[in-house]
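Shown next, in structure tokens, is the structure this report addresses.
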Amino acid sequence: MPIAILLFPADEQGIVFITFTAAFFPIMVSTRHAVRALPTLWEEAVLTLGGSRRHSLFNVVLPGALPGVFGGLSVGMGVAWICVISAEMISGEFGVGYRTWQAYTLVDYPATVVGMVTIGALGWLTSAAIELAGRRATRWLPRAEGTGR
Amino acid sequence: MTTVTTTAGKRMRLVLAGAALGYGGHPVLDEVRLEVAPGEIVVVVGSSGSGKSTLLRGLAGLLAPRAGRILADGAEVRGPSPDRAMIFQEDGLLPWRSVLRNVELPLGIRGVGRAERRRAALTWIDRVGLAGFADRLPRELSGGMRQRVQLARALVGAPRAALMDEPFGALDAQTRAEMQRLLLDVLRDTAATVVFVTHDVDEALLLGDRVLVLGRTGGLRSLTGATREQIVKEL
């Protein structure tokens, strides 16, 4: 993290880079696992109906891996928030993390509490949004029984 | 649109010429010789582990033979083709697609227009007795209904051969009898050669024009006109 902050000329670029890298790996790993865990049966069904590899990618692999992709997105979102806030606290020039830390160093406790609450609310909102989108997209899962919509 | 109508009517001849099929180190089936005449319904009976599914996967083109040849209308089978539709024992429906969208799938792959696709799919959904269920997801259907959807999906593209891998194996006796009646009914006016695989001797005798037994030794014996007892003894 310090290297990344030093490496990029503007501090904000370093923060973006750190956040991106931190979110990228959980998403990639869980997508890979989801694709590898796909039953071959679905792909074979599409192939015997005349589908090409492209059909099987769009009709089987992408929709079938979605639950795993959303799992990765949830984790990635959490990690991304942790990284963006702490990177802002260390080297930011604006942003909630920076403002909260500045308020803390200036012994402005009301503003610090506002900052903390804001960070919490933002984290909760974004993860709820992903959760909701994930449920919408994977309504077909067997465990989504009943309250699917 | 034209593909749906022009390929219909011409039934497929399937030939296994001394084919060896298997996975990994050792072949499951060796030197299999089988000829299925156009329009025939051939049922292959075998106990579990005898290589019934392997045989079908070879015919479907999902598994390449290690020796010998597999021919469809004289041409070597090199991969799956929409001419040889397959119905799986486990439910091969795409769970994120509704019944209608599952049945539309083979037509969509062929580039059939949206309206025509929908019309053909709805006709078939109706034909397998699922009218009114077009918008359901597979998880909202019973096992028997899911197999009906698979049947509709396999036949909507007017394949010239239908390969059925114990499609009713997981169903209860009553549903199975219903599905067998439906299958015979649907096949009567479908121009498809059928290879049906099962472990149920009664099912084989009911459905097949010809019954073949796949013994544990990997040999394929024709037992047309044989009684139930004779077949059971051969298993």
Side-chain angles (χ1 to χ4, degrees), chain A residues 27-28 30-76 129-149, chain B residues 3-4 7 23 53 56-63 77 79-99 101-112 136-141 146 149-150 152-165:
Chain A
I27 297 171
M28 188 194 71
S30 90
T31 304
R32 265 188 58 180
H33 277 280
V35 171
R36 290 183 56 157
L38 278 177
T40 52
L41 177 67
W42 294 336
E43 195 181 344
E44 286 174 353
V46 168
L47 292 177
T48 54
L49 293 169
S52 58
R53 285 178 61 87
R54 198 172 58 84
H55 286 121
S56 108
L57 175 67
F58 285 106
N59 292 308
V60 177
V61 179
L62 291 182
L66 268 189
V69 172
F70 274 100
L73 282 175
S74 288
V75 178
I130 287 182
E131 182 72 21
L132 191 71
R135 278 188 198 200
R136 282 272 166 89
T138 59
R139 214 180 290 168
W140 50 271
L141 283 175
R143 285 187 189 274
E145 205 64 60
T147 56
R149 47 202 86 204
Chain B
T3 49
V4 179
T7 51
Y23 315 90
S53 299
L56 272 198
R57 291 170 60 86
L59 282 170
L62 291 171
L63 185 66
V77 169
S81 144
D83 272 346
R84 284 170 274 117
M86 181 127 170
I87 297 177
F88 299 88
Q89 172 178 13
E90 323 92 281
D91 129 50
L93 299 175
L94 303 182
W96 47 86
R97 285 180 164 241
S98 66
V99 169
R101 300 235 307 130
N102 259 295
V103 178
E104 280 182 342
L105 181 65
L107 302 174
I109 287 172
R110 290 177 200 196
V112 174
R136 300 289 185 91
L137 286 173
R139 71 173 167 90
E140 297 166 325
L141 302 176
R146 285 202 284 261
V149 180
Q150 265 210 82
R153 186 178 69 175
L155 297 179
V156 70
R160 296 160 59 209
L163 309 169
M164 309 199 181
D165 188 2

Handout entry: Best-contacting candidate, P80(B), P138(B), P95(B), against chain A by heavy atom pairs under 4.5 angstrom
Key =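 Most heavy-atom pairs under 4.5 Å with chain A: P95(B).
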
Does any heavy atom of chain A fall under 4.5 Å from the side chain of [X], the backbone, both, or neither of them?
X: Q150(B); value: neither
X: L93(B); value: backbone
X: R57(B); value: side chain

Closest heavy-atom pair and its distance - [X], [Y]:
X: L94(B); Y: V46(A); result: CD1-CG2, 4.2 Å
X: G50(A); Y: P82(B); result: CA-CD, 3.5 Å
X: F88(B); Y: A45(A); result: CE1-CA, 3.6 Å
X: R139(A); Y: L137(B); result: O-CD1, 4.2 Å

Value rounded to 0.5 Å, distance of [atom1] in [X] from [atom2] in [Y]:
X: M86(B); Y: L47(A); atom1: CE; atom2: CG; result: 11.5 Å
X: L62(B); Y: E44(A); atom1: CG; atom2: CD; result: 5.0 Å
X: L59(B); Y: T48(A); atom1: CG; atom2: OG1; result: 12.5 Å
X: S81(B); Y: L49(A); atom1: OG; atom2: CG; result: 10.5 Å

Practice task
With the side chain counted from C-beta on, respond yes when R97(B) and N59(A) share a heavy-atom pair under 4.5 Å apart, and no when they do not.
Solution key: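 In contact.
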
Practice task
Only counting residues at least two apart or in another chain, list the ones meeting side-chain contact (heavy atoms from CB on, under 4.5 Å) with P63(A).
Solution key: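 If we apply the side-chain contact (heavy atoms from CB on, under 4.5 Å) test to P63(A), skipping adjacent residues, the hits are W96(B).
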
